[in-house]
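Within every chain, numbering begins at 1; the chains are lettered A, B, ... in the order of the sequence lines, protein sequences first and strands thereafter.
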Amino acid sequence: MKKLINSIDHVVDEALDGMVLAFPQYLVRVPDTHVLARAVPKAQGKVGIVSGGGSGHEPAHGGYVGYGMLDAAVAGEVFTSPTPDQVLAGIKAADHGGGVLLVVKNYTGDVMNFDIAREMAEAEGIQTGTVTVNDDVAVEDSLYTSGRRGIAGTVFVHKVAGALAELGASLEEVAAGANAVIANVASMGFALEPCTVPAAGKPTFELAGDEMEMGIGIHGEPGTHRMKVEAASELTRHLFVKIAADLELVAGTRVVAMVNGMGATPLLELAVMANELGRLAAAEGLALEQVFLGEFMTSLEMAGASLTLLRVDERRLELIGSSCDTPALRQGVKFG
Amino acid sequence: MKKLINSIDHVVDEALDGMVLAFPQYLVRVPDTHVLARAVPKAQGKVGIVSGGGSGHEPAHGGYVGYGMLDAAVAGEVFTSPTPDQVLAGIKAADHGGGVLLVVKNYTGDVMNFDIAREMAEAEGIQTGTVTVNDDVAVEDSLYTSGRRGIAGTVFVHKVAGALAELGASLEEVAAGANAVIANVASMGFALEPCTVPAAGKPTFELAGDEMEMGIGIHGEPGTHRMKVEAASELTRHLFVKIAADLELVAGTRVVAMVNGMGATPLLELAVMANELGRLAAAEGLALEQVFLGEFMTSLEMAGASLTLLRVDERRLELIGSSCDTPALRQGVKFG
Amino acid sequence: MDEAEFCRLWHLFQEVIDGNKEYLNSLDAAIGDADHGTNMARGMEKAVAACDQPEGGLRVTAKAIAMAMLSTVGGASGALWGSGLLKFAAAIPEAVACSDREFAGAVDAFVSSIRDRGKANLGDKTMVDVFLPARDRLIAGVEAGEALPAIAEVLAEATAAWALETKDLIALKGRAAYLGERSRGHVDPGAFSSSLWFLSLSRALAERSG
Amino acid sequence: MDEAEFCRLWHLFQEVIDGNKEYLNSLDAAIGDADHGTNMARGMEKAVAACDQPEGGLRVTAKAIAMAMLSTVGGASGALWGSGLLKFAAAIPEAVACSDREFAGAVDAFVSSIRDRGKANLGDKTMVDVFLPARDRLIAGVEAGEALPAIAEVLAEATAAWALETKDLIALKGRAAYLGERSRGHVDPGAFSSSLWFLSLSRALAERSG
Ligand SMILES: Nc1ncnc2c1ncn2[C@@H]1O[C@H](COP(=O)(O)OP(=O)(O)O)[C@@H](O)[C@H]1O
Ligand SMILES: Nc1ncnc2c1ncn2[C@@H]1O[C@H](COP(=O)(O)OP(=O)(O)O)[C@@H](O)[C@H]1O
Ligand SMILES: [Mg+2]
Ligand SMILES: [Mg+2]
Ligand SMILES: [Mg+2]
Ligand SMILES: [Mg+2]
């Protein structure tokens with residue numbers, strides 16, 4: 001295992017300090033925690049947004065702290081959900097009297113740790129709400145299991161919830177907007193190469209030279225099945241078909257897309273995938289309103305990509321496209 | 001070799017279309033070329049800025065086309081400098097009557113192909129200037145050799161030249177500003193894992209499980225020497241010491257830094273490196289005015305990083321920090 | 001059970017978790033995210049420190065261990081162990097020792113909490129597959145007047161077997177559930193680490209009786 | 001040399017480059033960026049197409065080849081071959097055939113252009129290490145009245161040797177120069193591909209005389 005780190009035990013701590021060093025205009029670290037909060041807190045009375053999860057998904061989640069998105073991001077150890085005391089610290093940092101929305105990805109660990117934190121926060125008199133993102137269509141949904149996972153679609157939830165909060169919406173309104181995103185977003189990904197969790201020291205799975213994993217999550221887990229590597233056109237189609245079926249997309253549907261790299265896939269290749277997406281959308285008659293292309297929700301140095309589609313109406317498209325200013329996503333530059 | 005592509009011959013072509021699909025507000029493709037130009041050209045009379053080189057360095061160079069940076073980017077095949085006819089097409093796209101500045105990285109191929117294109121452009125009556133970036137301190141400088149390579153420092157040249165051009169500076173003034181950056185910038189990088197050029201099909205070099213290459217360029221070339229992998233603190237110090245010596249940095253010097261990932265190194269790890277940079281700068285009494293952290297000039301899926309330091313005065317710091325709006329770099333978001 | 005035995009249990013658990021860290025990670029790599037050993041080991045290091053400064057009484061010590069695990073383990077196991085042990089602490093007497101029945105009652109509170117929080121049923125391929133039958137056997141043994149060390153010895157062996165039996169199951173809860181049919185053929189890491197807790201319990205009590 | 005021979009030369013060159021593509025890439029991988037074979041092969045494919053429609057006259061054909069290489073090879077070799085061949089075209093007669101002396105003059109113009117553009121000296125471990133002595137031998141042979149096929153045969157062998165001799169040199173120009181001392185021990189890819197051009201020349205002319 002070759003990693004640009006000093007020690008397994010300090011990688012998250014040092015990385016958080018590194019983020020603050022690089023983005024002091026956006027981020028402060030809540031002392032003695034793994035919480036990154038806004039350097040310039042939003043106005044009193046507005047709803048705060050907290051997200052988080054294990055580390056290793058950078059730029060998620062600290063990269064989305066700033067105007068128009070999150071108020072605080074809570075970082076666990078690599079691929080391990082943060083503990084309730086850390087989440088509570090995030091909630092407190094994000095609380096400006098208007099209540100706090102927790103954006104949680106649907107993993108048992110995340111759900112339970114955020115739940116415990118929420119109980120603690122409510123006990124301290126902070127009004128909270130939770131939305132649970134479960135956009136991964138690779139996984140069968142069922143009432144009897146843990147349901148679907150939350151993956152890259154989470155970024156769209158951050159964006160819309162953050163935009164609404166900035167506009168002064170109430171906690172209920174912000175949660176409703178976030179849940180509307182969740183109801184209209186679907187994602188799926190694959191891996192060409194695995195990643196190595198520093199503490200584990202070896203790849204989470206092994207692939208032959210012509211093999212890949214389809215339907216992976218964002219924690220280095222194996223996917224739904226192993227298959228031979230295919231061309232970008234085939235792989236993109238595979239994801240697109242599953243997602244389009246899940247969202248019941250028809251000709252004329254307006255969508256926003258995200259082509260997301262898992263960590264080690266060059267932007268050159270992600271752009272090839274975006275091009276394929278464009279072809280597929282055109283063939284289906286979809287209105288591709290905005291395409292996010294880059295690394296938004298990664299799995300350390302995993303090679304691979306995920307595709308996310310979000311069905312939008314005029315209002316949701318506006319919220320997706322509105323100004324935001326964070327380390328990882330900035331929109332609405334003023335010229336001159 | 002596992003790549004998210006359709007065919008080796010079409011990867012650049014398809015990726016360019018993918019970039020336009022994702023960033024239509026920024027980019028258009030000049031028909032029948034590998035040139036990406038601004039979707040909204042700058043005003044008549046202002047100096048145009050053209051950069052480019054082989055593909056595989058994404059987001060360079062197309063990612064920097066937009067307000068405050070480039071007017072056109074010319075993409076060669078992967079790691080192969082573009083041909084003169086392509087560069088000429090870029091120059092024409094960037095020409096708005098104020099002359100065109102070519103930002104060239106100091107590689108024989110780039111220098112010669114841009115030179116030939118410049119001769120062609122001058123023959124067609126377009127006023128041009130060239131600046132040659134040679135920031136890589138891994139390589140000994142000598143009048144008898146090819147000199148130093150141009151690497152990630154090129155992004156600072158784009159930024160300052162682009163900002164000056166936007167302000168209405170003349171071709172001579174823009175070139176002078178760019179050359180001032182070149183005189184004050186130094187970089188160096190290393191690789192933990194090599195990359196694979198699609199057409200070659202195998203890694204450009206091989207490393208044992210505990211080995212790395214120090215002093216690499218951005219084309220998968222081997223570096224200046226091979227060594228055992230060291231901790232992030234040691235590796236950052238190694239680069240810092242070479243760069244600081246080259247720039248003759250002393251306590252109180254004001255610098256802007258870039259911690260740049262080569263392609264497969266997670267932002268988590270790059271942030272650890274940024275943290276080390278902060279410690280080193282503090283120990284030396286340097287004033288670290290701004291830190292760029294992320295992937296700015298990559299080598300496909302190479303694992304590793306480079307460090308760049310730029311000495312700044314008040315004016316140059318302003319130009320680095322001023323508004324820009326491109327696919328890969330946006331600064332100066334307007335709120336509300 | 002007295003405080004010394006209780007602390008001995010946690011010290012032994014810490015040791016055996018540490019010794020099985022890589023193995024637990026490898027179990028988790030097969031059907032999860034390869035961190036269960038790391039998570040538990042990180043938590044236990046903090047937990048035994050809480051044990052080293054007993055501030056008097058089982059409840060205080062148990063609560064300190066609970067808070068240590070809650071704030072260091074993370075993941076699904078951290079939430080379950082941490083919040084479960086808080087309920088355990090609330091159920092156990094404040095005194096420096098407790099009866100076998102009181103201990104069994106605290107374990108019952110722990111198991112109920114895990115089930116409330118995690119919603120897993122028997123056969124879902126989780127730590128519940130170890131803790132649920134173990135709790136039942138523990139309560140039954142205490143009711144029948146068996147000595148705690150003897151019950152613990154039985155449980156050490158039984159829980160090891162129950163943990164291994166998770167191998168044939170399809171996971172329905174936790175991260176492994178996303179693998180569906182592919183989760184079959186691998187032992188559940190949380191079930192295995194839970195069986196180690198009963199192994200530690202039996203060893204701690206064997207030292208007493210031995 | 002007539003146009004058929006000239007085109008035959010380029011067809012043979014295209015074939016031998018294609019056959020050595022991987023080898024040239026591997027030479028370039030050792031001291032450069034692994035693309036020299038790919039670059040030259042891409043260019044030659046276009047260049048022979050230019051040859052397939054000779055519009056009459058050596059100059060026109062040479063210019064078409066030059067433009068094809070200039071716009072498809074890329075990299076250092078593309079700039080050097082492309083701009084060099086433009087000078088070659090300007091120096092060669094417009095007619096469908098030329099004298100040996102005229103051919104030698106065009107090669108001389110090619111080599112001068114490469115030196116002007118690339119600034120490499122003999123011993124800098126570049127294609128100049130093949131083309132410079134080859135040009136001198138060509139001119140000397142023509143001056144001495146040797147037949148062109150005979151000179152080409154000598155050059156095919158000599159340039160192969162000169163290319164291999166670049167192995168012991170430290171690169172001072174081009175991408176390999178960044179490696180300094182580490183560039184020693186590897187044959188320069190551009191020198192090797194240049195020797196293949198002389199091999200192709202000798203074969204094209206051997207077909208005539210044979
Ligand atoms: N809902 C649940 N109820 C009971 N136990 C669970 C549940 N979800 C997960 N677990 C247990 O947690 C273990 C995984 O713990 P760990 O790897 O530390 O956390 P994570 O899954 O968050 O990475 C599983 O092996 C399983 O035994
Ligand atoms: N300045 C120069 N003068 C002459 N030949 C050169 C010069 N620089 C490079 N070359 C030749 O070009 C070859 C490399 O070509 P190629 O790999 O196609 O381009 P690049 O180096 O841009 O990748 C070298 O092997 C060398 O022979
Ligand atoms: Mg985990
Ligand atoms: Mg090249
Ligand atoms: Mg786990
Ligand atoms: Mg090359």
Side-chain angles (χ1 to χ4, degrees), chain A residues 2-7 11-12 14-19 21-23 55-56 58-59 63 67 78 192-193 209 212 229 231-233 235 259 263-275 277-278 288 291-293 295 298 300-301 303-305 323-325 330-336, chain B residues 2-7 11-12 14-19 21-23 55-56 58-59 63 67 78 192-193 209 212 229 231-233 235 259 263-275 277-278 288 291-293 295 298 300-301 303-305 323-325 330-336:
Chain A
K2 294 180 199 169
K3 300 263 179 199
L4 181 55
I5 63 176
N6 291 311
S7 86
V11 53
V12 174
E14 292 175 4
L16 291 172
D17 281 347
M19 287 293 286
L21 179 93
F23 303 106
S55 293
E58 291 67 25
Y67 175 81
V78 174
L192 297 177
E193 297 288 357
M212 56 175 287
V229 174
S233 57
L235 293 176
V259 173
T265 294
L267 179 54
L268 183 77
E269 296 175 27
L270 297 175
V272 168
M273 181 165 159
N275 187 47
L277 169 67
L288 204 50
V291 178
F292 290 73
L293 172 61
E295 292 186 343
T298 61
L300 294 173
E301 73 288 349
S323 285
C324 64
D325 196 25
R330 302 174 201 168
Q331 296 184 141
V333 174
K334 184 190 151 144
F335 293 175
Chain B
K2 293 180 200 169
K3 301 263 177 197
L4 179 54
I5 63 174
N6 290 312
S7 86
V11 53
V12 173
E14 292 175 4
L16 291 171
D17 281 347
M19 288 292 287
L21 179 92
F23 303 105
S55 294
E58 291 66 27
Y67 175 80
V78 174
L192 298 176
E193 297 289 357
M212 57 174 288
V229 174
S233 57
L235 293 177
V259 173
T265 294
L267 179 55
L268 183 79
E269 297 176 25
L270 298 174
V272 169
M273 181 163 158
N275 187 47
L277 169 67
L288 204 49
V291 178
F292 289 73
L293 171 61
E295 292 186 341
T298 61
L300 294 172
E301 73 289 347
S323 285
C324 64
D325 196 24
R330 303 173 201 169
Q331 297 185 140
V333 173
K334 182 187 154 149
F335 293 176

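For the pair A:Val333/B:Lys334, no side-chain contact is recorded, criterion being any heavy-atom separation below 4.5 Å from C-beta on. Proximity of A:Leu293 to B:Met19: side-chain heavy atoms (C-beta onward) are separated by under 4.5 Å at one or more points. Considering only heavy atoms from C-beta on, B:Lys2 comes within 4.5 Å of A:Glu193 through its side chain. B:Val272 is listed as a side-chain neighbour of A:Asn6, based on a closest heavy-atom distance under 4.5 Å.
In this structure, chain B has heavy atoms under 4.5 Å from both the backbone and the side chain of A:Leu21. At a 4.5 Å heavy-atom cutoff, the contact between B:Gln331 and chain A is made by backbone and side-chain atoms alike. Interface remark: B:Val259 contributes no atoms to any contact with chain A (heavy atom separation under 4.5 Å). Of the two parts of A:Ser55, only the side chain, counted from C-beta on, holds a non-hydrogen atom closer than 4.5 Å to a non-hydrogen atom of chain B. Contact of A:Phe23 with chain B is made through the side chain alone, with heavy-atom distances under 4.5 Å.
Considering every non-hydrogen atom in both A:Ala15 and B:Ala271, the closest pair reads O-CB, 3.4 Å.
In terms of non-hydrogen atom pairs under 4.5 Å with chain B, the most contact-rich of A:Ala305, A:Ser7, A:Ser233 is A:Ser233. Ranked by non-hydrogen atom pairs under 4.5 Å with chain A, the options B:Leu4, B:Val291, B:Val11 are led by B:Leu4. Counting heavy-atom pairs under 4.5 Å between each of B:Ala303, B:Gly278, B:Ala264, B:Cys324 and chain A puts B:Ala264 at the top.
The distance from atom CD of A:Glu269 to atom CD of B:Glu301, rounded to the nearest 0.5 Å, is 6.5 Å. Annotation: the span from B:Lys3 atom NZ to A:Leu268 atom CG amounts to 8.5 Å, rounded to 0.5 Å. The CG atom of A:Asp325 lies 11.0 Å from the CZ atom of B:Arg330; values are rounded to the nearest 0.5 Å. How far CG of A:Leu16 is from CG of B:Asn275: 9.5 Å, rounded to the nearest 0.5 Å.
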